[in-house]
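To keep things clear, I will list the structure first and then write my remarks on it.
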Number of protein chains: 2
Amino acid sequence: MGDKGRRVSIKDVARHSGVGIGTVSRVINNSDRISPETRQKVLNSIKELGYIPNRAAQSMRSHKTKDIAFFIDISNLTFSRIATGTYQYLESQGYTLTLCHIGKNRSTTLEKVKSFLNGRTFDGIILSLPSEENEALNQYLKKVDVPIVTIDRDIPGLVTGVVTDYHGSLQKAVDYLISLGHRGIALVNGLPIIRPSKLITRSFREAMERNGMTVDESLLFHGEYSRDFGAQTMLNLLPRIRHREVTAIVCMHDEIFHGMLRVMKDYHLRCPEDVSVITLEDYELMQLLTPPFTVIRRQLIDMGEKVAQGLINYIQNPELYGQLEPYSLPTEFIIRESCAPPA
Amino acid sequence: MGDKGRRVSIKDVARHSGVGIGTVSRVINNSDRISPETRQKVLNSIKELGYIPNRAAQSMRSHKTKDIAFFIDISNLTFSRIATGTYQYLESQGYTLTLCHIGKNRSTTLEKVKSFLNGRTFDGIILSLPSEENEALNQYLKKVDVPIVTIDRDIPGLVTGVVTDYHGSLQKAVDYLISLGHRGIALVNGLPIIRPSKLITRSFREAMERNGMTVDESLLFHGEYSRDFGAQTMLNLLPRIRHREVTAIVCMHDEIFHGMLRVMKDYHLRCPEDVSVITLEDYELMQLLTPPFTVIRRQLIDMGEKVAQGLINYIQNPELYGQLEPYSLPTEFIIRESCAPPA
DNA sequence: GTGAAAGCGCTAACAC
DNA sequence: GTGTTAGCGCTTTCAC
């Protein structure tokens with residue numbers, strides 16, 4: 001902790017350069033027409049005095065903060081990827097990012113969002129919500145009077161910033177499994193209270209039907225994005241895998257995947273000999289597992305960047321708000337060694 | 001975006017409850033002595049009008065923001081763990097957390113920190129810096145007049161908030177390897193410009209010597225916290241591993257470990273048959289790798305929480321600033337299956 | 001105990 | 001073009 005001397009203010013600059021504070025303000029915001037000489041004079045004083053505008057004061061007057069709120073579950077690895085992209089773009093545009101960790105617990109989301117937003121101002125908000133069906137929250141958010149953009153969520157009244165396009169990859173994944181000879185294919189997916197889960201199920205169905213298969217509804221698993229759900233699902237699946245009723249699994253979440261893997265390990269289920277597996281996210285470790293896993297990859301950093309881009313665009317062009325299509329993030333299907341013809 | 005109606009201010013509350021705005025302010029900050037009746041009257045008005053104090057205005061006057069800046073490389077998984085802990089504690093104390101992603105590039109750190117802090121006020125700062133030896137940065141930070149606390153860094157003039165105690169675990173790790181019969185043990189470590197790397201090397205040396213071994217300096221590797229460094233180091237080690245000159249590796253960083261693993265995979269080096277490996281961080285996946293890895297574990301969430309705790313303590317008790325010992329985070333040595341007697 | 005008033009540092013509206 | 005002024009919403013003397 002250093003010197004506590006009063007910070008130099010706009011007044012000091014005005015006095016030092018012999019102009020009015022309004023003029024200084026105009027120079028800072030390079031608004032209006034200002035004579036080049038005056039501008040230079042002021043600029044010199046600013047430099048000489050080491051003046052830095054006080055953001056709190058600026059935003060109090062202008063109602064702009066250059067600060068974006070980001071609501072997300074930061075305990076997950078996916079987060080750090082998305083956040084990195086978001087951060088980088090925001091920084092490049094002179095914005096800062098303030099985090100709000102809403103956790104996984106859906107029942108506390110509203111409360112967290114509310115108390116976070118209380119009395120604070122943001123120029124915009126990015127949301128990655130654990131549910132689309134929190135009516136109270138949705139109502140509340142509609143009333144917030146800054147641009148809000150969601151990540152992979154369809155919430156009536158809110159604007160979707162980015163959306164993941166799993167369709168093509170899922171088609172490829174299912175085609176691939178079927179070409180390998182699989183018939184009993186399980187889909188392990190998130191809760192259908194969010195957009196991606198719904199779309200994934202739909203695409204999966206379509207892919208199966210296109211291949212002339214009927215979908216066994218008991219092979220469609222929906223649950224929390226958690227290791228527990230993954231473990232439990234795998235436990236359920238175990239007998240059917242052993243009876244060769246199920247020979248392949250498509251798992252659409254990384255934490256769920258960890259849970260499944262854990263049980264596979266514990267029960268000495270071999271992959272791909274006993275069961276073929278395709279999962280989501282292409283983290284480095286996916287290639288380092290045994291076997292290296294066949295995955296659906298999405299560019300998470302890109303995703304974070306694109307939401308931020310969309311939001312800033314809306315902030316700077318309010319008339320566009322809600323008029324643009326969400327950015328559609330492509331995915332890739334990457335074949336490695338976790339799938340084989342059923343025994 | 002909802003109604004843009006003017007927010008209710010302290011004035012409205014004052015008028016509504018028939019008191020002066022000073023009184024309202026006192027109630028909000030529950031400062032001074034206020035008669036119970038007045039307090040209740042004001043509280044009622046606040047509730048009735050749905051009044052929420054404006055933070056920008058509050059902090060402009062009081063020079064307190066209830067906001068903590070967190071400088072860290074958010075692209076790493078370790079981050080999301082630490083940040084989760086920090087966030088939770090801060091939230092429980094009514095503080096918010098604003099992120100600054102400084103990245104890995106040491107040469108841009110000063111610039112990033114500076115431009116981030118420019119004109120903004122924080123009640124405190126938490127630092128996880130990529131180097132202790134950035135003199136310009138250290139000088140700059142000393143002048144900042146709010147409490148700053150570092151994570152696992154010794155920077156003259158700054159206060160260390162939390163420190164990892166690798167010593168015991170490292171002793172156990174080395175003892176364990178030696179008891180297994182290993183003699184050629186390599187240590188792969190970060191750059192010695194940060195505290196943990198130095199301490200790790202020292203503890204490793206001590207452990208070796210205590211076991212009557214002399215340390216082969218060419219087996220002490222220092223480098224960036226990156227997969228590239230890990231890969232390159234493994235490549236270097238390859239011939240010596242094949243000649244059974246090196247039979248065990250202790251790797252003290254997760255990303256470096258990924259790089260090493262990658263090369264081991266590519267060169268079909270088996271673990272533990274060809275080389276025994278111990279690594280740092282006990283992420284779920286560490287148990288799911290083949291083999292499950294023997295690790296040194298640190299409680300990262302705890303770590304994040306403890307720094308936050310220390311910082312808030314200093315904020316609330318400025319007279320303590322720099323007087324307290326950093327919190328020493330314990331580590332555990334967890335034996336799994338990545339080590340075996342050398343062939 | 002409580003009200004009135006000053007002013008934090010700035011932007012924007014209004015003069016000239 | 002540029003100076004002056006009125007607040008933004010709050011905390012904090014300073015009276016009473």
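Throughout, protein chains are lettered first and strands after them, A, B, ... in sequence-line order, and every chain is numbered starting at 1.
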Identify whether any heavy atom of [X] sits under 4.0 Å from a base atom; if not, whether one sits that close to sugar-phosphate; answer base, sugar-phosphate or nothing.
X       : result
B:Ser35 : sugar-phosphate
B:Gly18 : sugar-phosphate
B:Val19 : sugar-phosphate
B:Ser31 : nothing

| Any side-chain heavy-atom pair of B:Ile301 and B:Ile82 under 4.5 Å |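 Result no, sub-4.5 Å side-chain heavy-atom pair not found.
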| message | Side chain of A:Ile34, heavy atoms from C-beta onward: which of D:dG9, C:dG3, D:dT2 has the nearest atom to it? | response |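 Out of D:dG9, C:dG3, D:dT2, the nucleotide with an atom closest to A:Ile34's side chain is D:dT2.
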| query | Taking the side chain of B:Arg26 as its heavy atoms from C-beta onward, which of C:dT11, C:dA4, D:dT11 lies nearest to it? | reply |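 Ranking C:dT11, C:dA4, D:dT11 by closest atom to the B:Arg26 side chain puts C:dA4 first.
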Quick check on [N]: is either OP1 or OP2 less than 4.0 Å from any side-chain nitrogen or oxygen of [X]?
X       : N     : answer
A:Lys11 : C:dC8 : yes
B:Gln58 : D:dG9 : no
A:Thr23 : D:dG3 : yes

| query | Is a donor-acceptor pair below 3.5 Å formed from side chain B:Arg39 to base C:dG1, judging by atom type as modelled? | reply |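 Such a pair does not exist between side chain and base.
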| query | What about A:Arg61: does its side chain form a donor-acceptor pair under 3.5 Å with the base of D:dT5? | reply |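 In this structure, the two groups form no donor-acceptor pair.
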| field | Residue whose nearest DNA chain C nucleotide is more 5′ - B:Gly22 or B:Ala57 | value |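 On the 5' side of the pair lies B:Gly22.
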| First encountered from the 5' end of DNA chain C, between B:Pro36 and B:His63 |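 The residue closer to the strand's 5' end, by nearest nucleotide, is B:Pro36.
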| field | Ring geometry between A:Phe122 and A:Phe116 (parallel below 30°, tilted from 30 to 60°, perpendicular above 60°) | value |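 Because their plane-to-plane angle is under 30°, the rings of A:Phe116 and A:Phe122 count as parallel.
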| message | Counting only heavy atoms not in A:Lys11 (residues, nucleotides, ligands), do more than 12 fall under 6.0 Å from its NZ? | response |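 No, NZ of A:Lys11 has 12 or fewer neighbouring heavy atoms, counting only those of other groups under 6.0 Å.
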| Under 6.0 Å from the CD atom of B:Glu111, do we count more than 12 heavy atoms belonging to anything else shown? |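 No - once you tally the heavy atoms of other residues, nucleotides and ligands closer than 6.0 Å, there are 12 at most.
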[X] [atom1] to [N] [atom2]: how many Å, rounded?
X       : N      : atom1 : atom2 : answer
A:Ile10 : D:dG3  : CD1   : P     : 12 Å
A:Met60 : C:dG7  : CE    : P     : 15 Å
B:Arg15 : D:dG9  : CZ    : P     : 12 Å
B:Asn54 : D:dC10 : CG    : P     : 5 Å
A:Arg55 : C:dC8  : CZ    : C1'   : 18 Å
B:Leu49 : D:dG9  : CG    : C1'   : 15 Å
B:Ile28 : D:dC10 : CD1   : C1'   : 8 Å
A:Ile21 : C:dC8  : CD1   : C1'   : 12 Å

| said: Here's a test for you: under side-chain hydrogen bond (donor to acceptor under 3.5 Å, both in side chains), which of B:Thr164, B:Thr150, B:Asp154 qualifies with B:Arg195? | reply: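 By the side-chain hydrogen bond (donor to acceptor under 3.5 Å, both in side chains) criterion, B:Arg195 pairs with just one of B:Thr164, B:Thr150, B:Asp154: B:Asp154.
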| task | Indicate whether any N or O donor in one side chain lies under 3.5 Å from an N or O acceptor in the other, for A:Asn317 and A:Asn313. | result |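 Short answer, yes.
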